[in-house]
Every structure is written in structure tokens, then in C-alpha cells.
Amino acid sequence: IFLSIFILIGVNIKYRTGLLNFDKLANLPIRMPITAFCCLIASLAISGIPPLNGFFSLWMICQGILQGIAGGGPRFTVFLCLIVVIYGTVATLDNFLKMTRLIFFNPAPKPASGKVYGEAPFYMWFAVLVLSLLCILLGIFDHSLKPQILTVSFIICIFIALVFYCSCGKFRKIEEN
């Protein structure tokens with residue numbers, strides 16, 4: 001889910017600013033607050049921060065490692081696996097927060113064109129917001145939901161996102177007229 005959010009955020013930024021060069025983007029949280037919020041949620045989710053959905057996959061890996069200790073596995077190997085998981089989590093968090101900082105909190109000057117831009121149109125940011133809220137809700141309620149419900153809700157959310165993005169061209173023509 002969080003990877004889809006990053007792709008859609010890139011599309012929103014490109015659509016609204018016309019830029020994907022990090023050095024030329026500035027003050028985006030002020031101009032695109034919903035997009036900035038969704039990027040922060042996706043960065044934390046992909047890093048495995050609780051209570052977001054990425055945490056539970058990380059937690060299952062850690063439980064497997066701890067069961068290796070309880071099952072009498074070689075302590076050094078299990079300890080090494082635990083160190084690798086912790087390092088991977090910290091490195092992922094660092095990289096994605098750095099990306100979020102470069103995109104949204106860059107102190108670079110305004111673009112030379114002087115174009116003032118705001119949040120992406122509703123039909124573009126709504127899909128990103130739905131997926132971000134799904135990251136939060138699946139993180140909170142993941143243990144109490146059946147896998148079939150999760151699969152159906154994920155497919156429905158992806159379908160909603162696709163409908164909004166496919167209708168983007170129709171709304172863009174209306175806005176231009």
C-alpha cells in the first residue's frame with residue numbers, strides 16, 4: 001500500500017508543480033499539506049513504525065527470530081539476524097524520512113517560473129488519502145480482521161484509486177475550459 005502512495009504522491013507533485021527535481025521544490029507542506037501528510041504516513045509505514053501496517057510484517061519477523069532463540073537455535077546466528085532486522089528498520093526509516101525532508105521541507109527558493117501552486121485536485125489527493133488512512137487502519141485493526149476482509153478492502157481501495165486517476169483526464173479538460 002505504501003509503495004502505491006509514493007507513486008501517487010510523485011504524480012501529484014509532478015501534476016501540480018511540473019517538477020520532480022528536489023532542488024527546485026520548496027515549501028510544499030504549506031502548499032500541499034495533504035500530500036505531505038500522506039508521504040509522512042507512507043514513510044513511517046514502510047519503516048515498520050507502530051501502529052501502521054508495515055509494523056506487523058516487521059513484528060512477525062522479530063517473532064520468528066525470538067522463536068529461534070526459544071527453540072534452542074544458535075544464539076549467535078539469531079542475535080545476528082536480530083541486529084540485521086533492527087539495522088534494516090533504522091536505515092529504511094532514515095532513507096524515507098530523508099526523502100520526505102528533501103521533497104517537502106527543502107529550504108530552496110521558489111521556482112524561477114514564479115508559478116504559485118497548491119494542493120493537487122480532489123480527485124488526485126483523495127486516492128492518496130484513502131490509501132494513507134488504510135495504512136493507519138490496517139495497522140490498528142490488523143490483528144482483529146480476517147485476511148479475506150483485508151484482501152477485499154485492499155482491492156476496493158485500489159479500484160477507487162484507479163477510478164480517480166483514470167478520471168483525471170476528464171476533470172482536467174473541464175478545469176481548462
Side-chain angles (χ1 to χ4, degrees), residues 1-14 19-30 32-108 120 125-158 160-161:
I1 295 174
F2 30 78
L3 294 177
S4 302
I5 294 171
F6 286 124
I7 292 168
L8 297 177
I9 285 171
V11 171
N12 287 355
I13 292 171
K14 176 71 174 167
L19 302 169
L20 279 180
N21 186 349
F22 294 159
D23 296 331
K24 295 183 181 178
L25 297 172
N27 298 324
L28 284 184
I30 296 168
M32 302 178 79
I34 297 170
T35 305
F37 169 76
C38 293
C39 188
L40 183 63
I41 292 296
S43 295
L44 295 174
I46 201 169
S47 302
I49 303 298
L52 302 171
N53 64 337
F55 170 73
F56 289 100
S57 59
L58 179 67
W59 180 244
M60 285 190 274
I61 292 170
C62 290
Q63 282 181 330
I65 292 171
L66 294 175
Q67 285 179 355
I69 291 173
R75 297 225 185 258
F76 177 74
T77 306
V78 173
F79 181 71
L80 185 64
C81 289
L82 193 59
I83 295 293
V84 168
V85 167
I86 292 170
Y87 175 77
T89 300
V90 171
T92 303
L93 180 64
D94 178 53
N95 287 328
F96 279 96
L97 288 180
K98 188 181 298 182
M99 178 201 67
T100 303
R101 182 182 54 85
L102 285 174
I103 293 173
F104 291 100
F105 300 99
N106 192 358
W125 64 255
F126 182 74
V128 179
L129 185 63
V130 166
L131 290 173
S132 297
L133 292 176
L134 191 61
C135 280
I136 295 169
L137 293 174
L138 289 178
I140 294 171
F141 298 111
D142 187 37
H143 60 281
S144 63
L145 296 175
K146 295 181 180 179
Q148 296 84 4
I149 295 173
L150 296 176
T151 303
V152 170
S153 65
F154 178 72
I155 291 170
I156 290 171
C157 286
I158 294 297
I160 291 170

Nearest-0.5 Å distance that lies between atom CD1 in Ile13 and atom CD1 in Ile103: 5.0 Å
I'd like to know if the side chain of Thr100 pairs up with that of Ser43 as donor and acceptor (distance under 3.5 Å, no hydrogens or angles considered). yes
What do the steps show when you test Ile34 against Val128 for side chain to side chain contact (heavy atoms under 4.5 Å, CB included), and what is the final call? CA-CA 9 Å; Ile34 297 170; Val128 179; over 6 Å; no
Closest heavy-atom pair and its distance - Pro29, Ala36: CA-CB, 4.0 Å
Sidechain-backbone polar pair: Asn95 side chain, Ala91 backbone, donor-acceptor under 3.5 Å: yes
About how many Å separate CD1 of Ile61 and CG of Leu66, when rounded to the nearest 0.5 Å? 12.0 Å
Can Leu93 and Ile46 be said to form a side chain to side chain contact (heavy atoms under 4.5 Å, CB included), step by step? CA-CA 8 Å; Leu93 180 64; Ile46 201 169; over 6 Å; no
Is the backbone of Ser47 close enough, under 3.5 Å, to the side chain of Thr92 for a donor and an acceptor to pair up by distance? no
Show your reasoning for whether side chain to side chain contact (heavy atoms under 4.5 Å, CB included) applies to Ile5 and Cys39. CA-CA 7 Å; Ile5 294 171; Cys39 188; over 6 Å; no
Going through the checks in order, is the side chain to side chain contact (heavy atoms under 4.5 Å, CB included) test met by Phe104 and Thr35? CA-CA 9 Å; Phe104 291 100; Thr35 305; 3.8 Å; yes
Where Ile41 and Leu52 come nearest, the two heavy atoms and their spacing: O-CD1, 3.7 Å
So the ring-ring contact (aromatic ring centres under 6.0 Å, His included) pairs with at least one residue in residues 76-101 (sequence neighbours excluded) are Phe6-Phe96
Heavy-atom closest pair, residues Cys38 and Ile9: C-CD1, 3.8 Å
Quick one: closest heavy-atom pair of Asn12 and Trp125, and the distance? ND2-CA, 3.9 Å
Within the 4.5 Å heavy-atom criterion, are Ile136 and Pro51 side-chain neighbours or not? no
